[in-house]
Structures are given as structure tokens and as C-alpha cells.
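Every value quoted in this text rests on a predicted model; they were computed, and no experiment measured them.
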Number of protein chains: 2
Amino acid sequence: MSQDQFETLLRFFKVLGNESRLKILGLLANDERSVGELAVLLDLREPTISHHLAAMKELGLVDVRAEGNNRIYWLNSQFLEGMSKDMFSQSNLATLVDDEETSTAWEDKVLRVYMDGNRIKQIPSKRKKERVILQWLADQFEMDRQYYELDLNEIIKQFHPDAAYWRRALVVEQFMARDNHNMYWRLPQSDV
Amino acid sequence: MSQDQFETLLRFFKVLGNESRLKILGLLANDERSVGELAVLLDLREPTISHHLAAMKELGLVDVRAEGNNRIYWLNSQFLEGMSKDMFSQSNLATLVDDEETSTAWEDKVLRVYMDGNRIKQIPSKRKKERVILQWLADQFEMDRQYYELDLNEIIKQFHPDAAYWRRALVVEQFMARDNHNMYWRLPQSDV
DNA sequence: CTTTTATTTAGATATATATCTAAATAGAAG
DNA sequence: CTTCTATTTAGATATATATCTAAATAAAAG
């Protein structure tokens with residue numbers, strides 16, 4: 001769903017999310033009406049009705065014709081049908097927000113909070129957050145390369161004093177693997 | 001459609017007619033989320049998100065469960081389906097407003113504007129309005145009774161000096177009938 | 001052509017509400 | 001039991017918007 005469609009849907013809800021306009025919709029569903037008639041029926045001034053009708057017209061919800069001095073408004077029922085059809089299917093809603101744009105925001109914040117430049121300020125108590133730090137930490141090592149445990153520790157110590165903790169965490173959370181000769185290497189991330 | 005249903009529909013539109021809440025809806029359509037996650041994704045403070053989620057929860061649009069300190073919100077997709085199904089059919093919308101309640105408002109206003117107590121202040125130039133006054137005028141005469149033209153004129157003169165004008169109008173607009181002996185009587189109104 | 005009527009436009013005001021900060025609450029971790 | 005973390009509640013503020021009055025417009029009626 002495009003940004004444009006999002007805006008349209010939002011405006012649709014905004015327009016109908018008003019008592020007076022929703023009543024107007026109900027009245028026009030019964031019969032076409034002039035501005036003055038609607039003003040009397042809703043007990044509001046003509047400019048107010050005019051203002052509401054303009055918003056509904058802009059959206060395409062109603063149409064107008066002139067009859068002498070009167071302007072007769074009626075419902076564009078096609079529009080409503082098109083709007084309701086499958087606007088609300090899960091798959092349609094799922095694309096309402098562009099997840100590409102926002103998906104790294106959470107991780108970025110975790111990094112900002114727990115990192116100070118290249119130093120890990122603190123070990124997150126939540127696994128989910130820790131995994132964000134672990135991903136960053138793993139990225140400090142080259143892919144397709146073997147590291148001795150001693151070298152691994154040295155590198156980690158640049159970022160945080162408790163190298164043993166992070167070394168084990170990297171393995172437990174499967175960012176890295178080790179063989180029985182104390183050699184370590186990065187594992188590809190499955191992304192889920 | 002009951003008043004209660006109107007309120008529900010109105011709240012539905014109000015809740016979704018907000019940029020932040022519509023985005024939340026889109027995000028939850030993809031996956032369940034905690035308050036904090038949503039706050040980061042939308043770049044808003046937790047209390048703001050909490051406030052929006054409360055509104056969505058109240059409506060029945062989302063559900064929550066606690067996971068430790070986190071509150072995980074997810075979409076009640078059944079609710080959406082039920083909402084969209086035939087909520088927008090013309091016949092459903094047509095009952096949004098109670099027309100019984102409002103149908104006499106227009107006539108009442110015309111009477112207020114053109115009448116001063118029992119005096120007709122002015123002859124409306126529009127036929128539609130004139131018919132409202134004529135209905136009132138006809139109601140000043142008894143049903144199933146014959147009036148001489150002279151008596152008719154006398155009665156009308158209590159309300160407006162131009163009795164001849166109103167006498168003719170009553171006949172033309174078929175609120176009353178006359179025979180060829182200058183006798184007048186009321187006609188039943190067909191209501192359409 | 002002047003007046004009346006219906007509507008729209010412009011501008012002012014009041015109400016609603018989206019958002020924030022600060023404080024309260026409640027569960028988790030140590 | 002104390003501290004930390006996520007969330008909610010309370011209250012303040014700023015923005016959005018619903019409504020009104022007054023003035024402008026345009027068609028109809030006289």
C-alpha cells in the first residue's frame with residue numbers, strides 16, 4: 001500500500017469520524033438533501049454544513065448538483081462500496097505501514113542506549129536486546145574466518161571487559177560456533 | 001440501527017481516523033508488539049502509545065497479554081471483519097439517523113420564521129415553505145365541516161390580511177376543496 | 001435593476017485531542 | 001528487600017477542528 005493510499009484511508013476515517021458528518025451520511029443514504037435542509041435537520045448553521053459537505057465531497061463520498069439557489073448533495077454509494085470491499089483484510093492492513101523504513105528503528109535505539117561508540121556500556125538484561133548487541137559484536141568479526149579463543153577474547157575486550165561472558169553468549173545465541181579445538185567462526189544469520 | 005450502534009460506529013471511525021493509531025493498526029497487522037516497540041517504531045513516547053492502545057482496546061480492536069513487564073498487543077482481526085462486512089451497505093447507513101425524530105424540524109423552522117404566534121408575518125416565496133404555512137392554516141379549520149367563503153375569509157383574516165390569497169392557495173395546493181356554491185371543506189392530506 | 005434567498009468564504013473562538021513530562025504502579029532481577 | 005524496567009496514570013500544553021458570525025457570491029423573484 002502506497003503512502004497515497006494510506007493518506008486516503010486516513011482521511012476517510014477522519015471524515016467519517018465526526019458526529020455531524022456521520023449523521024449527514026445517514027441522512028443522504030435515505031435521500032438527497034440541500035444544505036439548508038441538512039442544517040435544519042442537524043440543527044447547525046449553513047456554513048457548518050457547507051464545511052462538512054466540502055470535506056465529504058473532497059473525499060469523493062458525495063456529489064452535488066445545483067437546483068436554482070439550492071445545492072443538492074447525494075451519496076456516492078459506489079465510493080463506499082469500493083472503500084469497504086476488502087479494505088480491512090489483514091493482508092491489506094499489513095502493508096499500511098512501510099516496515100522497511102521502520103524495522104531497524106528498534107535495534108538502533110537499543111544500540112544507542114547500550115553502546116557508547118565502540119564500548120558496550122552495560123549487558124542488557126533482556127535476551128531480545130542482548131541479541132541486538134550480539135549481532136553488532138558478531139559483525140566485528142570477519143565471515144569465513146577461524147579465530148583462536150585467545151584472539152577472540154582480545155577483540156571482545158576492546159568493547160567490554162567481560163570477554164568470557166560475550167564469547168559464550170555468541171555461541172549460545174548462535175552468532176558463532178566453536179569446534180573441539182577452541183576455534184571459533186561466524187554463523188550466517190537466518191533472519192528469523 | 002440503534003443509538004448505541006451509531007455511537008460504536010462513530011467511535012470506530014474516530015479511533016481509526018488518527019495517523020498514529022492507523023499506523024499502529026498497520027504494524028499490529030504484521031505482528032504483535034509491546035508498547036515500547038511501538039513507541040520506537042512510531043517515534044513517540046510510551047504514554048502516548050499507551051493512550052492510543054487504550055482507545056483501541058476499549059473499542060475491541062486489539063487485545064493484550066502481559067509478558068513480564070511487557071504488555072503485548074495484537075490485532076483482533078475478527079472485530080475488523082465484523083466491522084467491514086456490510087456496515088457500509090446503503091440500507092444499513094440509511095438507518096444511521098432516526099428520521100422520525102428529525103423529520104418535522106424543517107417544518108418547525110419554517111413556522112418559526114414565517115409565523116409570529118398566530119400571525120403570518122409574510123408570504124413565503126417558495127412553494128415548499130408556503131405549503132408548510134398552508135398546512136398550519138388548514139389545521140385551523142375543522143375536518144368534516146363545510147365553511148361559507150365569507151366565514152372562511154373572516155377566520156383567515158385573524159392570521160393574515162390577504163385572505164383571498166390564502167383562500168385560493170388552500171384550494172390550489174389541495175388543502176381544501178370548494179363546490180360551485182362557494183362552500184369550502186378540508187381535504188385529507190396524502191402525506192407524500 | 002433591485003431585493004431576496006441559498007450557499008460559500010473568511011475569520012474568530014471554543015472545544016477536543018494528541019502529545020509530552022513527571023509521578024505512580026507493578027513485575028523482574030539481583 | 002532494593003533496584004531496575006515497562007507501562008500506566010495524571011496533568012499540562014499545544015495543535016487541530018467544529019462551530020459560529022459576518023461578509024461575499026450568485027441565482028431567482030419581483
For C:dT17 and B:Lys14 - does any side-chain N or O of the residue sit under 4.0 Å from the phosphate oxygens OP1/OP2?
yes

Considering just the side-chain nitrogens and oxygens of A:Thr48, establish if one lies under 4.0 Å of OP1 or OP2 belonging to D:dC20.
yes

d(CD, A:Glu67; C1', D:dA27) in whole Å:
13 Å

Between C:dT5 atom P and A:Asn70 atom CG, what is the distance in whole Å?
13 Å

Tell whether A:Asn69 reaches the base of C:dA6 with its side chain through a donor-acceptor pair below 3.5 angstrom.
no

Whole Å only: how far is the CG atom of B:Asn18 from the C1' atom of C:dT19?
11 Å

I want to confirm an ordering. Mapping A:Val64 and B:His52 to their closest nucleotides on DNA chain C, which one lands closer to the 5' end?
A:Val64

What contact category does B:His51 fall into here, base, sugar-phosphate, or nothing, at under 4.0 angstrom with non-hydrogen atoms?
base

Does B:Arg21 make a side-chain N or O approach to OP1 or OP2 of C:dA18 shorter than 4.0 Å?
yes

Please state whether the phosphate of C:dT8, meaning OP1 or OP2, lies under 4.0 angstrom from any side-chain nitrogen or oxygen of A:Ser50.
yes

Is the distance from OP1 or OP2 of D:dA6 to the nearest side-chain N or O of B:Ser34 less than 4.0 Å?
no

Between B:Met56 (CE) and C:dA18 (P), how many Å, whole number?
12 Å

Should the pair A:Arg11-A:Glu7 be classified as a salt bridge under the 4.0 Å nitrogen-to-oxygen rule?
no

When rounded to whole Å, the CZ to P distance for the pair A:Arg11 and D:dA16 reads 16 Å

I'd like to know if A:Arg21 pairs up with A:Glu19 as an ion pair, taking the criterion as any Lys NZ or Arg NE/NH1/NH2 lying under 4.0 Å from an Asp or Glu carboxylate oxygen.
no

CZ of A:Arg65 versus P of D:dA27: gap in Å, rounded?
17 Å

To the nearest angstrom, the CD-P distance between B:Glu46 and C:dA26 comes to 19 Å

Thinking salt bridges, do B:Arg186 and B:Glu142 make one under a 4.0 Å N-O criterion?
no

Any side-chain N or O of B:Tyr73 under 4.0 Å from OP1/OP2 of D:dA6?
no

Spacing of A:Arg45 atom CZ relative to D:dT19 atom P, expressed in whole Å:
12 Å

From CG (B:Leu137) to CD (B:Glu130), nearest 0.5 Å:
10.0 Å

Measure the shortest side-chain to side-chain distance between B:Tyr147 and B:Phe141 over non-hydrogen atoms and say whether it is less than 4.5 angstrom.
yes

Would you mind telling me which residue lines up with the more 5' stretch of DNA chain D, A:Asp43 or B:Ile49, judged by nearest nucleotide?
B:Ile49

